[in-house]
Amino acid sequence: MHRLFVFLGIAVTLSAQYQGLKSTWVEPSSNIVLPASDTFDNSNGTVGIINAAGPVNTEGHPFFVPLGTNGRACVNCHQPTYAMSLSAASMVERWITTGGKDPVFAAFDGSNCPNLPQDQKSSHSLLLNRGLFRIPLPWPPKNSDGSPKPVEFKIEVVRDPTGCNTSAEYGLRSSEPTISVYRRPRPAANLKYVMSGAQAIVLKTGMPADVDPETGKPVPMNLMSDAREPTLKTQAVSAIMGHEQAGGAPTQKQLDKIVEFESQVYAAQIAHIWAGPLELPGGPGTLGPAALRDRRAGVLGDNEYDPVFGRFDNWRKGSDYYRASVARGADIFMFRQFWIRDTAHINSIGLGNPVKRTCATCHNAQTTGQDLSAGWVDVGTTNFPTWTEPSTWAESSELPVFKITCSAKADPHPYLGRVIYTTDPGRALISGRCVDVGSIVMQQLRGLAARPPYFVNGSAKTLREVVDYYDRRFDMKLSDAEKEDLVNFLGAL
Amino acid sequence: MRFCLLLAGVTAFAQQLNFVACPVVRDTKTVPCFLAEYEGELYYLGIQQDITSDFHPPQLKHEVLVEGTVAAGPRVCGGIPLKPLSISVIKEVNLACNTLLPAEPGIEAPPAARGAGPATHPLDISSAKPKELTGPQEFTILYSFNDDFLEYAGNRVVNEAIDYAKRTGASSVKVTGYRESTVLSNGTRLVEKDAIAEKRAENIAALLRGSGVSGVSISSKDEPESGPAARRVAVVVTP
């Protein structure tokens, strides 16, 4: 094995827990062979990676070699160490190790805006602080034939800390009007779960689902934060043309090989720093990457008889402090009722507002905790006033702020009406609909410990901050002990 | 025609009540109840259930249009029951609709098919078994006031229509949209927006065509009809 082990002797701005941690970074074109199973340490324990089809020879492999002009391959942003995503800390590490020369920092989307001086750290602050890449999206959105889609709202840039949205070259007023939002990479693993659950009629819109351009069959619409890509293949093409800045389209063979790799790689936390292995018999049977490989995808888990992440009964009863805490956390996730209110695409689709339910109402798909139907929901992370940013946003937000004004003829956003301030309109940038502003497609809740920070905008530095957000947002009144249990539970996934 | 019913201790009129008001949510030991107040009296609308249930509760931050008939029987969750009942969430946001009452001893929600936690038994989310239908069939999809959102129940009907059209290789599928005009108990007339009948029909036609049904034709009746049943799309499938 030619793996390169980088020992981090640097404290940087990381917490004490990170110090001395071993890390591995897979360089593009390193020609290594990835073993059938592998483990990587993180602050919470160890993440496990399984290649179900056996060892992967990365030599010449289109996921692992640059296909474009900026030296990047898929693996730059989807690293085994970080559950096939990245952590923000890993970006700081790369900046230090490479003097900012790693292709991950490419001007196009690895900096706050391509027109900024690229050798300065501040030009990459969103990637270094929050693990965010720039996602440039055309406005108005386009139909598949390239014609503009009809839209229900006007969008204005009211705050532009990166300069990109007002830039004459890259912004909304440029010759190719573009909105730049900044988002976390989603794990390129466990994808059979992401790619299952397709329904011809989307529950959340009552309209036909997008279809696979090759087969004409409906797709689940759970890919990317805004469901803009129907299939892994179209996603790969966009990533190659965008993130990798390729001059021409990839070959069919390259695409097949990428999809084949992505569809057999599984990632999940496999051991806890104190409690040890998570996969031992007597556990819930959902933890660790082998469970992800073996379990069935597309199963609803918002129920008592076959819950989202299985049963933790033995752990609840046992004497191990950490395992008992994880079990209690799983109970909170499944059973702890609170008022879910003012969430577009949950409260507004027939459940009523508010609805007294649990985390599993939204995170309802077995084994990954996504939404089994097309997963976009405005849980509030990007829309004022529930957003994750400081409420004195005018001064301090690191993110752009957009003002959305909906046409009087359109249905308003169900809880925010016709004027909305948002850091990321989410699904609305694709659908052009006012009701979709701030709706983000739920990520899979796996390998979380390996890939902080959380939420689409990297605003929650730790799982505790995720839990604190929910506690505030839904007035859950969680005790400190409950928060700790929930954090331990999420960290074990 | 109106009937007067004499009940034990309570006099009630089998009276049609149409009104727009803020909903009131009352927590209970189990699921919350949804109520609405009209002229100083509290009416019971329904409880929280699931997306598959016939009753979809109203929403805080929105007024609700209630079209119901005062029903005999004891109060439910502290409100007078209405049956039959149709409710529609008014789309515009109204921040004044914000009443969430805490649970009170002695006030209980009716038994719920699904409690406030995870489900205890499998949801019936598959579309119903194809009925033994033959000949021309009409499938009716109902909507909320001024709304073209296809709710779960309508979703199921559309799937039935698709199945039937495909199974019989239908020669014609006629999709007709309708809209409602209703008179509130205070005399105000509410009419659904102009284009809604057409929009409903277009949406359903898109679903049928998207599922590979051919021979779909669309029309809409812009002259509003009265009563909640007018908010509909009729799909006539002729084999």
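Letters A, B, ... are given to chains in the order of the sequence lines, protein chains preceding strands, and every chain is numbered from 1. Atoms considered below: every heavy atom in the structure, side chains included; atoms not considered: hydrogens, waters and symmetry mates.
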So [Y] and [X], do their side chains get closer than 4.5 Å, heavy atoms only?
X	Y	answer
A:Pro412	B:Glu92	yes
B:Pro32	A:Trp339	yes
A:Leu416	B:Val93	no
A:Gln199	B:Asn159	no

Minimal non-hydrogen separation, [X] against [Y], with atom names:
X	Y	result
B:Ala206	A:Pro208	O-CG, 4.1 Å
A:Tyr305	B:Thr120	CD2-O, 3.6 Å
A:Asn353	B:Val25	O-CG2, 4.2 Å
A:Arg357	B:Gly115	NE-O, 4.3 Å
A:Gly206	B:Leu207	O-CD1, 3.5 Å

(message) Just so I understand: if I count every heavy-atom pair under 4.5 Å between each of B:Val31, B:Asp27, B:Asn146 and chain A, which residue has the most?
(response)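 Sorted descending by pairs with chain A, the first entry is B:Asp27.
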What part of [X] is in contact with chain B, defined as an atom under 4.5 angstrom from a non-hydrogen atom: side chain, backbone, both or neither?
X	answer
A:Arg336	neither
A:Lys217	neither
A:Thr205	backbone
A:Pro354	both
A:Asn364	neither

(message) Please determine whether a side-chain nitrogen of the Lys or Arg among B:Lys193 and A:Asp411 lies less than 4.0 Å from a carboxylate oxygen of the Asp or Glu.
(response)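 The answer is yes: the pair qualifies as a salt bridge.
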(request) Decide yes or no on side-chain contact (heavy atoms from CB on, under 4.5 Å) for A:Ile349 and B:Glu151, but give the supporting numbers first. (result) CA-CA 7 Å; A:Ile349 58 165; B:Glu151 293 192 351; over 6 Å; no
(message) Let me confirm one number: the NE2-OG distance from B:His62 to A:Ser348, rounded to the nearest 0.5 Å.
(response)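 The OG atom of A:Ser348 is 8.0 Å from NE2 of B:His62, to the nearest 0.5 Å.
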(message) I need the B:Ile51 CD1 to A:Leu351 CG distance, nearest 0.5 Å.
(response)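 It comes to 4.5 Å.
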(request) For each of A:Met334, A:Lys356, A:Gln337, tally heavy-atom pairs with chain B at distances under 4.5 Å, and name the one with the top tally. (result)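 Sorted descending by pairs with chain B, the first entry is A:Lys356.
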